[in-house]
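Remarks on the structure that follows.
Note that ligands are numbered from 1 as they come in the structure, with each ligand's atoms numbered from 1 the same way. As the structure is a computational prediction, the values presented were derived from the model and not from experiment.
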Amino acid sequence: MALSKLPTETQNEGTDHGKFIANEQNVLQKHVAFFDRNHDGLVYPWETFQGFRAIGCGLILSTVSALLINLALSKKTRPGKSFSLLFPIEVKNINKAKHGSDSGVYDSEGRFVPSKFEEIFSKHARTNGNAFTSDELMAMLKANREPKDYKGWVAAWTEWKILYVLCKDEHGLLHKETIRGVYDGSLFDHMEKEKASAKKNAVV
Ligand code: HEM
Ligand SMILES: [Ca+2]
């Protein structure tokens, strides 16, 4: 076998005329690619901010999230590279930014693990089966906690809490299909379109 094209070297390097294309297998790349607003494979803090604004988050949440996410993840996704004051996140290495105390639905390569996805509902969505109440979500977070992994606890709590606040229905339920969409990032596109059309209707 020719060594010049090892799959591990090429699998995350998709580009089309200079545009970064997320790897189909690495679903975590798709989760993050929404925030790479100009598709160059890097998410800068202002792009994280723009992405949060595009899905309807307020100024304060968008600003604080952009600063914290880029400060926390930039170095991890730039192995071997020196510190950058612009705090870019490299989408192709996003699996290196995984933290502890997560659900395990993304594996260490950023792939989506269907059995883990089903497991979070069979174990924790006790009332409805296909949706979480707020209490069930908190119970899941607690169950996922690894001892003394305080950073992981905060990261997981923040991810799930923001998702819950943004996407719960009128009965306070967070649905399975919504959660599926957050894993592959399609939820963000959907929210952006909804927000844009709501704005358009408000103007007309
Ligand atoms: C409103 C925006 C966002 C929401 C609601 C959100 C929500 C989530 C959720 C629910 C998970 C799954 C955690 C688990 O399986 O336990 C997750 C994982 C992850 N997210 Fe986001 N996310 C958002 C934005 C971002 C951004 C901007 C980045 C980075 C640029 C990012 C990077 C990650 C990473 C690296 C993981 C994997 C964590 C792990 O499995 O250890 N997310 N996110
Ligand atoms: Ca970018």
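Close approach of ligand 1 to Asp102 is summarised as follows: ligand atoms under 4.0 Å from at least one heavy atom of the residue are 16 (O), 39 (C), 40 (O), 41 (O). When each atom of ligand 1 is checked for a heavy atom of Ile55 under 4.0 Å away, the hits are 1 (C). Atoms of ligand 1 found under 4.0 Å from any heavy atom of Ile89 (numbered from 1 in listed order, with element): 30 (C). Atoms of ligand 1 lying under 4.0 Å from at least one heavy atom of Ser103, given by number and element, are 14 (C), 15 (O), 16 (O).
Arg37 has a carboxylate O that lies under 4.0 Å from a charged side-chain N of Glu192, or vice versa, which qualifies the two as a salt bridge.
Residue-level check: among N/O/S atoms of Asp40, OD1 sits closest to the Ca ion (ligand 2). Within Asp36, OD1 is the N, O or S atom that lies nearest to the Ca ion (ligand 2).
Grouping the Ile, Leu, Val, Met, Phe, Trp and Tyr side chains by contacts below 4.5 angstrom, directly or via other members, places Val182 with Trp160.
The distance from atom NE2 of His124 to atom OG1 of Thr133, rounded to the nearest 0.5 Å, is 12.0 Å.
Taking 4.5 Å as the limit, some side-chain heavy atom of Glu119 sits within range of a side-chain heavy atom of Lys116.
Neither the backbone nor the side chain of Asn95 has any atom closer than 4.0 Å to an atom of ligand 1 (non-hydrogen atoms only). Contact annotation: for Ile179 versus ligand 1, there are no heavy atoms closer than 4.0 Å. Heavy atoms of Asn144 found under 4.0 angstrom from ligand 1: none, in either backbone or side chain.
Closest protein heavy atom to atom 13 (C) of ligand 1: Glu159 OE1, 3.2 Å. Counting protein heavy atoms only, atom 36 (C) of ligand 1 is closest to Leu28 CD1, 3.6 Å.
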> Do Met140 and Phe132 pass the side-chain contact (heavy atoms from CB on, under 4.5 Å) test, and can you show the C-alpha distance, the side-chain angles, and the key distance before you say yes or no?
Replying inline: CA-CA 10 Å; Met140 178 182 83; Phe132 286 115; 4.0 Å; yes

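For the pair Lys75 and Phe83, the NZ or CZ position fails the cation-pi test of under 6.0 Å to the six-membered ring centre and within 45 degrees of the ring normal.
Because the distance cut-off is set at 3.0 Å, Asn38 qualifies as a neighbour of the Ca ion (ligand 2) through one of its N, O or S atoms. For Pro88, every N, O or S atom stays at 3.0 Å or more from the Ca ion (ligand 2).
Note: no N/O pair closer than 3.5 Å links Tyr106 and ligand 1 by distance alone.
Ligand 1 has at least one atom lying under 4.0 Å from a heavy atom of Phe188.
Taking only non-hydrogen atoms, the option from Phe49, Phe35, Trp157 nearest to atom 27 (C) of ligand 1 is Phe35.
Between Phe35 and Phe188, the angle of the ring planes goes over 60°, which puts this pair in the perpendicular group of the 30/60° scheme.
Here the Ca ion (ligand 2) is the vertex; the O atom in Leu42 and the OE2 atom in Glu47 give an angle of 120° (to 10°).
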